[in-house]
Amino acid sequence: MAFTSKLIVRALSTSAAHFNSIKTVTVIGSGLMGSGIAQVAAASGHKVIVVDKTQDIINKAESSIKKSLERIVKKKFPDDTKVGKQKYLTDVLENLSLSTDALAAVKSSDLVIEAIVENLDVKKELFSALDKAAPEKTLFASNTSSIPIKEIATATQRKDRFGGLHFFNPVPLMKLLEVIRIPETTDATYKSLEAFGKALGKTTVQCKDTPGFIVNRLLVPYMAEAIRLVERGDASPRDVDTAMKLGAGYPMGPFELLDYVGLDTTKFIIDGWSKKEPDNPLFQPSQMLNKLVKENKLGMKSGEGFYKYDKK
Ligand SMILES: CCCCCCCC(=O)CC(=O)SCCNC(=O)CCNC(=O)[C@H](O)C(C)(C)COP(=O)(O)OP(=O)(O)OC[C@H]1O[C@@H](n2cnc3c(N)ncnc32)[C@H](O)[C@@H]1OP(=O)(O)O
Ligand SMILES: NC(=O)C1=CN([C@@H]2O[C@H](COP(=O)(O)OP(=O)(O)OC[C@H]3O[C@@H](n4cnc5c(N)ncnc54)[C@H](O)[C@@H]3O)[C@@H](O)[C@H]2O)C=CC1
């Protein structure tokens with residue numbers, strides 16, 4: 001009897017330990033999304049390690065986080081002295097550390113958020129290695145835009161502690177977070193991920209592990225249709241953008257948004273979905289997109305996509 005109740009107490013304390021207990025976070029991938037996620041997690045008081053493949057990439061991420069923080073302090077402390085602004089910056093940056101060693105970084109983390117390239121094999125390889133290195137209590141989440149969470153989770157032995165945390169670009173400004181559960185995700189894990197999202201100041205919505213979740217399931221066909229319209233020669237990217245901003249009230253036109261999210265990521269998504277549903281006319285690969293990606297015109301991040309950008 002005593003043995004059974006000890007077991008029950010242990011089971012309860014394990015799930016309670018998972019609920020709302022996220023204080024330390026490792027973010028893997030320090031590109032557009034990873035740097036934004038790391039920034040908002042650090043700004044909301046979490047201790048964050050952000051990891052990428054090389055020191056050079058990590059240094060670039062650090063400087064883009066600093067730039068974004070500078071824009072935020074301007075708004076947050078409009079009348080404040082330099083001292084208040086400096087303290088905010090110092091506090092956030094103190095919560096952030098940088099690393100190129102993912103396996104060491106996850107050892108002290110309550111939560112690992114993966115934000116690397118949108119490729120199932122690469123994500124699985126990473127999670128398989130992390131699964132062996134991370135403590136048992138550590139929750140895993142992917143920020144994938146389009147890959148089923150259940151397929152990524154197969155690389156681990158912790159499907160019960162696995163979910164999706166889908167952020168939006170730019171992470172410091174976009175208020176939504178989609179929290180995804182797979183059948184194996186426990187309630188404690190789900191609640192913990194949701195509570196983490198709220199602690200970041202995001203509004204969370206729940207969605208099953210369905211292709212594109214909510215936002216991308218609607219957004220990707222819209223963006224792809226905009227490209228098809230231009231491919232047919234019916235209108236220019238500039239006019240489509242003007243039309244959707246002034247005629248439909250969108251903050252960015254589809255081509256501005258495509259350049260903003262990255263044409264390589266968009267291509268990965270469309271190619272992946274068209275492979276799964278080759279007859280779905282909404283997911284047909286685009287020659288125009290393929291050509292731009294082949295030429296390394298990936299959008300704002302490479303200096304050119306549908307439009308040209310000044311490299312800063
Ligand atoms: C085929 C499809 C493939 C999908 C691919 C996968 C994608 C996904 O999985 C999910 C996604 O993320 S989808 C993309 C979602 N994002 C959007 O739709 C963004 C749309 N754009 C906007 O909301 C605004 O233009 C936006 C909020 C960006 C900027 O606002 P404004 O237009 O008013 O422009 P600004 O005047 O430049 O900015 C307003 C204030 O915000 C500050 N700011 C901008 N960027 C910042 C950043 N990164 N960090 C910190 N602060 C920032 C800016 O300084 C400005 O401040 P104030 O001047 O003080 O007002
Ligand atoms: N771009 C967007 O607007 C959004 C993208 N996403 C998703 O977020 C993920 C990342 O996308 P982005 O940040 O746009 O890509 P990105 O290309 O800007 O950054 C990816 C980063 O991951 C790094 N990386 C790749 N393999 C790695 C590994 N094994 N270990 C450590 N780092 C590695 C790369 O060096 C790069 O810095 C993708 O799954 C994408 O679908 C989700 C929401 C919005």
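Counting starts at 1 for both ligands and their atoms, following the listed order. Side-chain atoms are counted along with the backbone in the values below, which use heavy atoms only and exclude waters and symmetry mates. Because the structure is a prediction, the values reported are computed rather than measured.
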Within one Ile-Leu-Val-Met-Phe-Trp-Tyr cluster: Ile113 and Leu120, side-chain cutoff 4.5 Å | no
What about Phe127 and Phe268, same hydrophobic cluster or not, with Ile/Leu/Val/Met/Phe/Trp/Tyr joined at side-chain heavy-atom distances under 4.5 Å?
-> yes
Within ligand 1, which atoms have a heavy atom of [X] less than 4.0 Å away?
| X | answer |
| --- | --- |
| Thr266 | 1 (C), 3 (C) |
| Leu219 | 13 (S) |
| Pro251 | 20 (C), 21 (N), 22 (C), 23 (O), 24 (C), 25 (O) |

With nothing but distance in play, are any N or O atoms of [X] less than 3.5 Å from an N or O of ligand 1?
| X | result |
| --- | --- |
| Asn169 | yes |
| Thr265 | no |
| Tyr260 | no |

Report the residue from Lys137, Lys23, Lys47 that forms a salt bridge (Lys or Arg N to Asp or Glu O under 4.0 Å) with Asp110.
-> Lys137
Ring-face cation of Arg161 near Phe140 (centre distance under 6.0 Å, axis angle within 45°) | no
What do you think, any protein heavy atom under 4.0 angstrom from [atom]?
| atom | answer |
| --- | --- |
| atom 39 (C) of ligand 1 | no |
| atom 30 (O) of ligand 1 | no |
| atom 59 (O) of ligand 1 | yes |
| atom 35 (P) of ligand 1 | no |

All side chain to side chain donor-acceptor pair (under 3.5 Å) counterparts of Gln39, not counting sequence neighbours | Ser68
Mind checking what makes side chain to side chain donor-acceptor pair (under 3.5 Å) contact with Glu184, not counting sequence neighbours?
-> none
Before giving the answer on side-chain hydrogen bond (donor to acceptor under 3.5 Å, both in side chains), spell out for Thr189 and Thr186 the whole-Å C-alpha distance, their side-chain angles and the decisive distance to 0.1 Å.
-> CA-CA 5 Å; Thr189 299; Thr186 61; 2.8 Å; yes
Note: Asp187-Arg181 ion pair, threshold 4.0 Å (strictly below) = yes
Examine the proximity of ligand 1 to Pro170 and report which part, side chain or backbone, both or neither, has a heavy atom under 4.0 Å away.
-> side chain
Using a heavy-atom cut-off of under 4.0 Å, does the side chain or the backbone of Leu257 touch ligand 1, or both, or neither?
-> side chain
Run the contact test for [X] against ligand 1 with a 4.0 Å cut-off on heavy atoms, strictly below, and give the result.
| X | value |
| --- | --- |
| Ile72 | yes |
| Met174 | yes |
| His166 | yes |

Salt bridge (Lys or Arg N to Asp or Glu O under 4.0 Å) partners for Lys198, two or more places apart = none
Ring geometry between Tyr250 and Tyr222 (parallel below 30°, tilted from 30 to 60°, perpendicular above 60°) = tilted
Pairwise, report which nitrogen or oxygen atoms of ligand 2 are under 3.5 angstrom from protein nitrogen or oxygen atoms, and how far apart they are.
from	atom 1	to	atom 2	distance (Å)
ligand 2	1 (N)	Val261	O	2.8
ligand 2	6 (N)	Ser145	OG	3.0
ligand 2	8 (O)	Asn143	ND2	3.0
ligand 2	13 (O)	Leu32	N	3.4
ligand 2	13 (O)	Met33	N	2.9
ligand 2	17 (O)	Lys301	NZ	3.3
ligand 2	18 (O)	Leu32	N	3.0
ligand 2	32 (N)	Asp52	OD1	3.4
ligand 2	35 (O)	Asp52	OD1	2.7
ligand 2	37 (O)	Asp52	OD2	2.6
ligand 2	39 (O)	Ile116	O	3.2
ligand 2	39 (O)	Glu118	OE1	2.5
ligand 2	39 (O)	Lys123	NZ	2.8
ligand 2	41 (O)	Glu118	OE1	2.9
ligand 2	41 (O)	Ser145	N	3.4
ligand 2	41 (O)	Ser145	OG	2.7

If you look at every heavy atom in Phe213 and Ile147, which pair is closest and at what distance?
-> CZ-O, 4.4 Å
